[in-house]
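Here the structure comes first, spelled out in structure tokens, and everything after it is commentary.
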Amino acid sequence: MAYKTTAEKRARKALIEHLKTRKINGARIAQGKKTVEDLQKLNLAPQIFLFKNLFSGQVLYSQVPAYHQDQIDEQFVRPNWQNRKPSRRNDLWRIMAVAEFANYEYAVAAYEGLVQLRQARDTELKKDAQELRKKNEDGNIWYSGQYRPTYSQEAVADLSHVIDEFGLENTKIMWENLWRKGEDEYWSEDVQHDSLPAHNPKHQTILLDELRGRAIEAFARERELLAGEQEQVHGDQVSTA
Amino acid sequence: MFKSVRTFSSASRLSTRSKPLAFSNLADIKLRAPIAPTHKNFDVSPDHPLWAFFEGGNTSKAALRDGNDITQLEVRPWSMAELRRKSFVDLHQIWYQVLKERNIIGTELRLAESLEYSRAHHHKDFDEKLALVQKRIKVVLLERQTAYERAQLLDDVKQEYLEQFKQRYIEVDQANEVDMEEKLDRLQFAVFGIQPDLNDIDLEHDINVSFIKGVEYNAELKWGKHLQETGQNLAPLKSIVEQLPFLLKDTTEAVEEVIELRDSEVDVKMDKIDVIPFLKSAIGNFRGDGIEEEVAEDI
């Protein structure tokens with residue numbers, strides 16, 4: 001066994017610490033929960049991005065057009081052999097849907113709600129969730145290879161649940177493929193559905209950033225319209241007074 | 001300003017909300033069942049090419065036919081004798097018909113495998129018959145190719161036949177003349193690849209060494225026959241310039257042109273390298289291709 005001096009050992013320890021700090025855990029913009037103010041300061045739109053995992057079928061929610069290891073840790077709280085903690089690998093996560101909300105409060109609330117529902121499915125309401133899932137002959141969640149379609153279907157159900165529960169009017173959902181939306185009966189009539197623009201998966205990040213830009217523009221336009229209306233009402237009130 | 005507008009409007013809107021923006025008690029939530037995707041959300045074009053993988057195309061109701069339905073079809077593979085009588089185009093069509101059918105069977109077999117369907121052996125039997133047809137088509141084409149390649153090697157036999165034909169052509173009586181002309185047309189096409197109709201000749205691809213030989217042979221035949229009939233004693237044709245008229249025109253007109261050429265004492269010798277360009281331009285001019293082009297340019 002090679003002899004190591006104290007200095008060498010210390011250097012090695014420092015190196016390991018340094019390497020730990022250099023480890024990339026995902027997009028830094030996706031780190032941490034975003035409040036309404038954060039979203040505005042970062043020039044982000046009132047959107048939620050749903051990424052699906054190509055390998056396992058799990059879905060990751062994000063407030064920004066990117067994701068971080070912290071989000072994976074938060075949204076997959078009790079991993080087991082049927083619901084493993086997914087990898088952060090960039091090539092595995094593809095956009096499944098982008099939900100656009102009427103304002104930032106709705107977007108933040110919807111994200112909170114979705115994460116809470118996900119955690120509840122894994123912890124407190126584990127039995128209820130398991131009962132609703134399609135099983136195979138062995139009584140386990142149906143799967144093919146490592147792929148369990150039930151997880152993405154649950155994410156769709158949770159999204160519709162949150163929208164209905166909080167009454168998030170004027171929501172627009174853009175799907176990667178409209179078939180994922182399921183039957184119309186699950187959605188309130190207020191929700192608009194559309195499909196994402198055709199794109200090369202290679203250019204997913206560009207697409208998402210463009211969607212963010214467009215949503216911000218649309219949001220600003222709406223605010224201006226509202227402000228105009230408000231001013232008009234205010235002016236009328238002053239004149240009548 | 002932007003921020004103030006936002007807070008103002010959203011505050012006024014949020015104050016009118018009846019529902020809270022958070023779950024009150026997670027333990028009391030009634031989870032929703034997973035929402036399964038459905039094909040009802042999009043339309044499939046009736047012209048979609050993948051419909052060709054189903055029996056009955058876009059009107060098909062089931063992706064897997066019953067095994068008994070397959071046995072009721074009572075089909076047999078094409079026999080070798082039948083296929084040998086078919087032209088290349090027909091064989092091509094049969095090949096693709098069979099291929100389409102095999103694609104359908106392949107789709108059904110794959111489905112039957114995943115469903116563990118018990119009567120799939122009927123599909124397999126049918127597929128074997130179809131595969132046999134494809135094998136036979138390949139064999140027929142191989143036979144034809146082999147025969148063609150062998151025929152290329154039979155040079156002596158070909159020369160002998162051409163000589164015999166020449167004799168017969170020159171000595172033919174008037175009753176069989178038309179018949180003989182037709183035979184010559186067929187021979188020109190079979191041996192030298194010269195199309196019977198001048199307009200069918202592809203100037204870019206058809207004119208080659210074999211074509212030149214054909215022109216030469218054709219001219220020799222007709223010149224020889226003319227000399228035989230008239231009893232004249234004229235020198236044999238010298239070059240392609242003298243031979244070509246026999247391909248383009250009637251024998252009498254061609255003979256007149258040759259005699260005219262000889263009287264004018266124009267030098268008709270031509271280097272080998274110039275022959276093909278000469279043929280292209282001469283045939284093109286005769287057909288009027290060049291004139292058309294010139295007219296088009298003028299316009």
Side-chain angles (χ1 to χ4, degrees), chain A residues 36-37 40 102-106 108-110 112-113 116-117 119-121 123-125 128-129 131-134 149-162 164-169 175 177-187 193 195 219-220 222-224 226-227 229-230, chain B residues 1-51 53-54 58 60-61 63-64 107-118:
Chain A
V36 173
E37 286 73 27
Q40 283 177 340
N103 55 51
Y104 286 96
E105 285 78 8
Y106 286 4
V108 172
E112 288 285 336
Q116 281 180 341
L117 280 177
Q119 289 171 347
R121 277 184 190 274
T123 55
E124 290 161 64
L125 306 174
D128 299 352
E131 273 172 22
L132 297 170
R133 288 169 180 156
K134 186 186 169 182
T150 192
Y151 294 133
S152 55
Q153 296 172 13
E154 278 174 10
V156 176
D158 284 352
L159 186 61
S160 85
H161 190 171
V162 164
D164 289 352
E165 183 80 16
F166 300 168
L168 307 179
E169 71 274 4
W175 300 93
N177 189 335
L178 268 174
W179 85 313
R180 290 195 178 273
K181 164 175 93 105
E183 302 276 353
D184 287 335
E185 59 186 91
Y186 300 115
W187 297 93
H193 298 276
S195 55
F219 187 70
E222 227 169 82
R223 293 305 96 171
E224 273 171 25
L226 264 175
E229 280 172 22
Q230 294 285 355
Chain B
M1 181 212 163
F2 176 71
K3 195 173 175 185
S4 63
V5 168
R6 186 200 59 70
T7 43
F8 174 63
S9 59
S10 63
S12 62
R13 185 183 289 182
L14 292 174
S15 59
T16 60
R17 290 181 51 82
S18 56
K19 293 179 176 176
L21 280 177
F23 289 111
S24 49
N25 187 1
L26 271 179
D28 295 341
I29 291 174
K30 192 174 178 302
L31 287 174
R32 291 198 178 178
I35 296 178
T38 168
H39 65 88
K40 291 174 194 162
N41 293 339
F42 58 85
D43 296 323
V44 180
S45 161
D47 296 335
H48 199 290
L50 286 180
W51 282 121
F53 282 79
F54 298 95
N58 57 18
S60 39
K61 296 286 175 205
L64 180 59
T107 312
E108 287 176 328
L109 276 175
R110 177 66 191 84
L111 195 59
E113 191 188 324
S114 58
L115 296 175
E116 295 176 1
Y117 180 64
S118 58

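From a predicted model like this one, the values you see are computed outputs, not experimental measurements. Every chain is numbered from 1 and lettered A, B, ... according to where its sequence line falls, protein lines coming before strand lines.
- Of all the listed residues (A/Glu154, A/Arg121, A/Glu112), the one sharing the greatest number of non-hydrogen pairs under 4.5 Å with chain B is A/Arg121.
- Between A/Leu125 atom CG and B/Leu26 atom CG the span is 7.0 Å, to the nearest 0.5 Å.
- Considering only heavy atoms from C-beta on, B/Trp51 stays 4.5 Å or farther from B/Ser45 through its side chain.
- Contacts between residues 108-115 of chain B and chain A, counted as heavy-atom pairs separated by less than 4.5 Å, involve no residue at all.
- Between chain B and the residues A/Asp158, A/Asp128, A/Leu132, A/Val108, the largest count of heavy-atom pairs under 4.5 Å involves A/Leu132.
- Distance CG/B/Leu31 to CD/A/Glu131: 10.5 Å, rounded to 0.5 Å.
- Interface remark: B/Phe42 contributes side-chain atoms only to the contact with chain A (heavy atom separation under 4.5 Å).
- Using modelled atom types, no side-chain atom of A/Trp187 and backbone atom of A/His193 make a donor-acceptor pair closer than 3.5 Å.
- When A/Arg180, A/Glu165, A/Glu229 are compared by the number of non-hydrogen pairs under 4.5 Å with chain B, A/Glu165 comes out ahead.
- Residue with the most contacts toward chain B among A/Lys134, A/Glu124, A/Lys181: A/Lys181 (heavy-atom pairs, distance under 4.5 Å).
- A donor-acceptor pair under 3.5 Å is formed between the side chain of B/Asn41 and the backbone N or O of A/Gly182.
- A donor and an acceptor atom, one from each side chain of A/Tyr106 and A/Glu169, are located under 3.5 Å apart.
- Judged as a salt bridge (Lys or Arg N to Asp or Glu O under 4.0 Å), and not counting sequence neighbours, the contacts of A/Glu183 are B/Lys40.
- Of the two parts of A/Ser160, the backbone and the side chain both hold a non-hydrogen atom closer than 4.5 Å to a non-hydrogen atom of chain B.
- Within 6.0 Å of the NZ atom in B/Lys19, the count of heavy atoms belonging to other residues, nucleotides or ligands exceeds 12.
- When all heavy atoms of A/His161 and B/Ile29 are compared, the closest pair comes out as CE1-CG2, 3.5 Å.
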